[in-house]
Visitor: 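Dropping the structure in here first, questions after.
Reminder, nothing fancy here: chain letters follow the sequence lines and each chain counts from 1.
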Amino acid sequence: GAVVSQHPSRVICKSGTSVKIECRSLDFQATTMFWYRQFPKQSLMLMATSNEGSKATYEQGVEKDKFLINHASLTLSTLTVTSAHPEDSSFYICSATRGTSNYEQFFGPGTRLTVL
Amino acid sequence: AQTVTQSQPEMSVQEAETVTLSCTYDTSESDYYLFWYKQPPSRQMILVIRQEAYKQQNATENRFSVNFQKAAKSFSLKISDSQLGDAAMYFCAYRSRWETSGSRLTFGEGTQLTVNP
């Protein structure tokens with residue numbers, strides 16, 4: 001149990017376009033979902049935390065208008081990179097916690113975004 | 001704010017040998033969780049082991065064990081009988097126990113472990 005999926009796994013887009021990444025908890029209801037960004041050989045950087053039905057909380061330095069997060073249901077959160085530029089190219093990972101035993105985060109497999 | 005430090009960017013070990021990865025952290029809280037995550041080349045984050053700060057006993061999961069020194073704020077991971085499949089990036093992470101602090105994880109910089117056959 002506790003499987004998190006992400007779609008797409010890889011995406012290539014042109015500069016100036018918007019890209020949406022989906023994160024789904026497949027077999028549990030996620031009380032909280034997290035979005036991370038990871039550059040090659042670096043650690044995970046938390047971008048934002050989202051709870052179902054409420055606005056996401058963004059980390060300092062993360063542009064909320066650039067990275068739109070929608071947590072529409074207890075099993076789905078989406079990250080939209082608006083007007084993507086080459087510097088937005090990165091590996092994006094989501095994670096989710098469940099129920100009252102929320103000490104553990106379950107991670108999705110990640111999405112590699114390449115902006116040309 | 002909490003910080004997590006992994007001072008070994010890279011480590012290597014011979015297959016079947018034992019290796020220890022270091023992690024230190026800084027916090028003013030008395031109750032929290034600590035984790036070791038593994039990220040293989042597939043990039044999928046995998047939980048290796050967790051430790052609850054209020055438990056004095058060191059956590060163990062098969063070949064993986066930790067040395068938790070609360071006073072020293074140290075949390076090292078020992079991998080025994082290393083296998084080729086253990087090769088990965090390992091991240092140490094901290095999480096506050098209290099919901100008011102959120103369930104966010106603070107990660108260290110990571111240690112790249114190579115296992116030599």
Visitor: In the structure I gave you, are the side-chain heavy atoms of A/Gln105 and B/Arg95 within less than 4.5 Å of one another anywhere?
Guide: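 No, too far: nothing below the 4.5 Å cut-off.
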
Visitor: Quick check: are there more than 12 heavy atoms from other residues, nucleotides or ligands sitting under 6.0 Å from NZ of B/Lys70?
Guide: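 Enclosed: over 12 neighbouring heavy atoms sit under 6.0 Å from NZ of B/Lys70.
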
Visitor: Would you give the length of the straight line joining atom CD of B/Glu109 to atom CD of A/Gln42, rounded to the nearest 0.5 angstrom?
Guide: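 B/Glu109 CD to A/Gln42 CD: 10.5 Å, rounded to 0.5 Å.
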
Visitor: Do the side chains of A/Ile21 and A/Ile69 join up, straight or via other hydrophobic residues, at under 4.5 Å, putting them in one cluster?
Guide: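 Linked, A/Ile21 and A/Ile69 end up in one cluster.
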
Visitor: Would you find more than 12 non-hydrogen atoms of other residues, nucleotides or ligands less than 6.0 Å from A/Lys55 atom NZ?
Guide: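 No, the 6.0 Å shell around NZ holds no more than 12 heavy atoms from other groups.
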
Visitor: Under a 3.5 Å distance rule, please check whether B/Gln112 uses its side chain to pair with a backbone N or O of A/Lys41 as donor and acceptor.
Guide: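 No; zero donor-acceptor contacts below 3.5 Å.
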
Visitor: So, do A/Tyr36 and B/Leu105 sit near enough that their side-chain heavy atoms are less than 4.5 Å apart?
Guide: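 Counting from C-beta outward, A/Tyr36 and B/Leu105 do come under 4.5 Å.
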
Visitor: Is there a path from B/Val48 to B/Leu34 through hydrophobic residues (I, L, V, M, F, W, Y) whose side chains come within less than 4.5 Å of each other?
Guide: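 Cluster IDs for B/Val48 and B/Leu34 match.
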
Visitor: Count the heavy-atom pairs under 4.5 Å between each of B/Arg43, B/Gln44, B/Met89 and chain A, then report the option with the highest count.
Guide: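 Most pairs with chain A among the choices: B/Arg43.
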
Visitor: Group every Ile, Leu, Val, Met, Phe, Trp and Tyr by side-chain heavy-atom contacts under 4.5 Å, then state whether B/Tyr90 and B/Tyr33 land in the same group.
Guide: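 Different hydrophobic clusters.
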
Visitor: At a heavy-atom separation under 4.5 Å, does B/Met45 approach chain A through its side chain, its backbone, both, or neither?
Guide: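 Both backbone and side chain.
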
Visitor: What part of A/Leu44 lies closer than 4.5 angstrom to a heavy atom of chain B: side chain, backbone, both or neither?
Guide: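 Interface part for A/Leu44: both.
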
Visitor: Are B/Met11 and B/Val4 in one and the same hydrophobic cluster, where Ile, Leu, Val, Met, Phe, Trp and Tyr link if side-chain heavy atoms are under 4.5 Å apart?
Guide: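 Yes, same cluster.
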
Visitor: Could you tell me which portion of B/Phe107 (side chain, backbone, both or neither) has an atom closer than 4.5 angstrom to a non-hydrogen atom of chain A?
Guide: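 B/Phe107 touches chain A through backbone and side-chain heavy atoms alike.
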
Visitor: If two hydrophobic side chains count as joined below 4.5 Å and joins carry through other members, does B/Phe68 share a cluster with B/Ile49?
Guide: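 Looking at the clustering, B/Ile49 is in the same group as B/Phe68.
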
Visitor: Any side-chain to backbone donor/acceptor pair from A/Ser43 onto B/Gly110? Under 3.5 Å, distance only.
Guide: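 Pair absent, no side-chain N/O of A/Ser43 close to backbone of B/Gly110.
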
Visitor: A/Glu59 versus chain B, heavy atoms under 4.5 Å apart: side chain, backbone, both or neither?
Guide: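 Interface part for A/Glu59: side chain.
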
Visitor: Is the closest side-chain donor-acceptor distance between A/Gln38 and B/Gln39 under 3.5 Å?
Guide: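 Yes, because at least one side-chain N or O of A/Gln38 sits under 3.5 Å from a partner of the opposite role on B/Gln39.
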
Visitor: Using a heavy-atom cutoff of under 4.5 Å, enumerate the residues of residues 71-95 of chain A that contact chain B, numbered in order, or state 'none'.
Guide: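 Interface residues of residues 71-95 of chain A: A/Phe91, A/Ile93.
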
Visitor: How would you list, in number order, the residues of residues 57-67 of chain B that have a heavy atom less than 4.5 Å from chain A?
Guide: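 So far as heavy atoms go, nothing in residues 57-67 of chain B approaches chain A to under 4.5 Å.
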
